[in-house]
Amino acid sequence: MKRRVVVTGMGAITPIGNGVEAFWEGIRQERIGFGPITRFDAEGYKCSLAAEVKDFEPERYMDKKAARRMELFCQYAVAAAGEALADAALDMEKEDAFRAGCFVGSGVGSLQAMERECERLFGKGPSRVGPLFVPLMISNMAAGNVSIAYGLKGKSLNVATACATGTNSIGEAFRSIQYGETDLCVAGGTEAAICPVGIAGFAALNALSVSGDPHRCSIPFDRDRNGFVMGEGAGIVVLEELEHARNRGARIYAEVLGYGCTSDAYHITSPAEDGAGAAGAMRNALADGGVEPEALSYINAHGTSTHHNDLFETRAIKLAFGAHAKKLRINSTKSMIGHLLGAAGAVEFITCVKEIQEGFLHRTVGLRETEEELDLDYCTESHEEAVPYALSNSLGFGGHNASILLGKME
């Protein structure tokens, strides 16, 4: 019999606030995190805007020596994990560390380390490449560093499914607890890819918005959308088996009910045009959670602000829900924070938890006018209403589709 899994802690580093409360205040105030790129001189690049994390000081979350041995994506993960564990009031000295898992993924790892060491290699020769280049660069080091920092000795995985990474990481942690491999997991995603090769690479795909207006750059489901805005940050949650959480008197935010995944098996960057893959992931998550499609009222969409994603995700929702699709509230958190790549699904999971808790659905900021086939309710206004269930979608390059279902904990 599958064990029940609940959310007991959350941590976030985002373009609109560091810490869950600052982030959520930004969401409720409809704050946007977009502005000119400051990490490097972006003159001559097709894209000039990004959603950068502001005022992040790693020494506030870890000692300087540890910070120097981590790239930015790892620093974000360790910072957010620390907040999540503190929020959960977990004392690891009282836990069996081998029953505490770590499922923290990154889509790309450190592109900055690659840039830096390639410059040394081609400019000064192979002997000048830094000895820590590989452990600084590889994407599993987010999970590695979080495990080391907080003494998590159970199952540890780095899921790397591009933009579905955060959702897959939380979903796989959910499965691990359900089936008894672990009793608690620190899970989520992290990313920091706002650098020359990151921006140039995604721009070469024509994936990034070329708008110079921070208010009209990330506009999911709008007829004028022209690409996503690169974001960065981390979202980390603590998941626990229900009785484990109850026995230690933990505060429970929400219950994780279901998790579904599929592959489009279609194209390396474009979602399947009919939406069948994403529809399957949504149906699988609902079936896994024992929730009828007609009982769902809200979806946190992948909603990237690219032409293909928003159109094909809309088709997927219609395919999965039929006539009920017209009754769903659908919003995109990326309208405020941009696309955090491997961290996106995890931060959006936290958004869903807060929305369930507070009975509040945020507006898809910047959405003015849709187009003919985009005819669902994309939350052009915020709503104060009960949110018994939330379904969060993530769709990644390579055809990775992941959906996770949350429910209100009575």
Using the salt bridge (charged side-chain N to carboxylate O under 4.0 Å, His left out) rule, take D87 and R251 through it: C-alpha gap first, then chi angles, then the decisive distance, then the call. CA-CA 9 Å; D87 185 44; R251 173 183 52 198; 2.6 Å; yes
So, R99 side chain and G180 main chain: donor-acceptor pair closer than 3.5 Å or not? yes
Counting only N and O atoms by type, is there a donor-acceptor contact under 3.5 Å from the side chain of E292 to the main-chain atoms of A295? no
So which of T167, N300, N401 actually passes side chain to side chain donor-acceptor pair (under 3.5 Å) with S394? T167
Do I27 and T333 come close enough that some side-chain heavy atom pair is under 4.5 Å? yes
Can you check whether I268 reaches F397 side chain to side chain, under 4.5 Å on heavy atoms? no
Stepwise side-chain hydrogen bond (donor to acceptor under 3.5 Å, both in side chains) check, N284 with Y259: CA-CA 7 Å; N284 290 348; Y259 170 52; over 6 Å; no
Just so I know, are the side chains of V104 and I236 near enough to count as touching, which here means a heavy-atom distance under 4.5 Å? yes
Salt bridge present between E385 and R329 (N-O < 4.0 angstrom): yes
Lys/Arg N to Asp/Glu carboxylate O, R4 vs E255, below 4.0 Å: yes
Ion pair E57/R60, N-O distance below 4.0 Å: no
Matching residue for V7 among I252, L406, V238 - test: side-chain contact (heavy atoms from CB on, under 4.5 Å): L406
Quick one: do R3 and D183 make a salt bridge, cutoff under 4.0 Å? yes
Would you please test R248 and K94 for side-chain contact (heavy atoms from CB on, under 4.5 Å) and show each step? CA-CA 10 Å; R248 68 179 192 87; K94 297 179 180 179; over 6 Å; no
Around atom CG of D91, are there more than 12 heavy atoms of other residues, nucleotides or ligands at under 6.0 Å? yes
Check whether any side-chain N or O of N247 sits under 3.5 Å from a backbone N or O of E243 as a donor-acceptor pair, and report yes or no. yes
Partner of C47 under side-chain contact (heavy atoms from CB on, under 4.5 Å), chosen from V210, V229, L208: L208
Does the distance from a Lys or Arg side-chain N to an Asp or Glu carboxylate O, for E71 and R116, drop under 4.0 Å? yes
Is there a side-chain contact between Q178 and E241 in this structure, where contact means two heavy atoms from C-beta onward sitting under 4.5 Å apart? no
Would you say E43 has more than 12 foreign heavy atoms packed within less than 6.0 Å of its CD? no
List, one per line, each side-chain donor-acceptor pair under 3.5 Å for residues 191-206, sequence neighbours excluded.
unit_1: E191; atom_1: OE1; unit_2: G107; atom_2: N; d: 2.9
unit_1: E191; atom_1: OE1; unit_2: G342; atom_2: N; d: 2.8
unit_1: E191; atom_1: OE2; unit_2: S106; atom_2: OG; d: 2.7
unit_1: E191; atom_1: OE2; unit_2: G107; atom_2: N; d: 3.4
unit_1: E191; atom_1: OE2; unit_2: V108; atom_2: N; d: 3.2
unit_1: N206; atom_1: OD1; unit_2: K46; atom_2: NZ; d: 2.8

Checking R225 side chain against T306 main chain: does a donor-acceptor pair fall under 3.5 Å? yes
Test side chain to side chain donor-acceptor pair (under 3.5 Å), reference R363, set E30, E381, H383, output is E30
Determine yes or no for a side-chain-to-main-chain donor-acceptor pair under 3.5 angstrom, with S110 supplying the side chain and A113 the backbone. yes
As a test of understanding, state which of Q29, H362, E358 forms a side chain to side chain donor-acceptor pair (under 3.5 Å) with W24. E358
Counting distance only, does the side-chain N/O of S335 pair as donor-acceptor with the main-chain N or O of S332 below 3.5 Å? yes
Would you say the side chains of N158 and S139 form a donor-acceptor pair under 3.5 Å? yes
Determine, for R175 against D288, whether the closest basic-nitrogen to carboxylate-oxygen distance falls under 4.0 angstrom. yes
Is there a side-chain contact between V53 and N18, using heavy atoms and a 4.5 Å cut-off? yes
Looking at D213 and H215, would you say the former's side chain and the latter's main chain have a donor-acceptor pair under 3.5 Å? yes
Is T14 reaching over with its side chain to a backbone N or O of G17, donor-acceptor style, under 3.5 angstrom? yes
For the residue pair N331 / E355, report whether a side-chain donor-acceptor contact shorter than 3.5 Å exists. yes
In terms of side-chain heavy atoms, does Q75 have a donor or acceptor partner in Y61 at a distance below 3.5 Å? no
Side chain Y150, main chain N145, donor-acceptor under 3.5 Å: no
Nearest atoms (heavy-atom pairs only) where T8 meets A245: CG2-CB, 4.0 Å
Determine, using ring centers only, whether F103 and F174 are less than 6.0 Å apart. no
Will you find, in the side chains of D222 and Y378, an N or O donor that is under 3.5 Å from an N or O acceptor? no
Would you indicate whether the side-chain heavy atoms of Y253 and M10 approach each other to under 4.5 Å? yes
When you compare the side chains of E232 and Y76, does any donor N or O come within less than 3.5 Å of an acceptor on the partner? yes
For E369, is there an ion pair with R223 - N to carboxylate O distance below 4.0 angstrom? yes
Using side-chain contact (heavy atoms from CB on, under 4.5 Å), reason through L152 and V146 one step at a time and then give a plain yes or no. CA-CA 8 Å; L152 310 172; V146 170; 4.1 Å; yes
Start with the C-alpha gap between L328 and Y298, add the side-chain angles, then the distance that decides, and say whether side-chain contact (heavy atoms from CB on, under 4.5 Å) holds. CA-CA 5 Å; L328 293 167; Y298 166 62; over 6 Å; no
Pair K124 + E117, salt bridge at N-O below 4.0 Å: no
Under a 3.5 Å cutoff, is there a donor and acceptor pairing between the side chains of S211 and S209? no
Has Y389 got more than 12 heavy atoms of other residues, nucleotides or ligands less than 6.0 Å from its OH? no
Cation-pi, F360 ring and R28 (6.0 angstrom, 45 degrees): yes
K54 side-chain N/O to E52 backbone N/O, donor-acceptor pair under 3.5 Å: yes
Between L405 and M282, does the side-chain contact (heavy atoms from CB on, under 4.5 Å) criterion hold? Intermediate values first, please. CA-CA 9 Å; L405 179 68; M282 287 184 268; over 6 Å; no
Any salt bridge between R315 and D274, counting N to O under 4.0 Å? no
Between R368 and D224, is there a salt bridge with N-O shorter than 4.0 Å? no
Under 4.5 Å between any side-chain heavy atoms of I177 and E240, yes or no? no
So among H400, H308, H339, which one has a ring pair (Phe, Tyr, Trp, His ring centres under 6.0 Å) with H302? H339
Any non-hydrogen side-chain atom of S382 less than 4.5 Å from a side-chain atom of L361? no
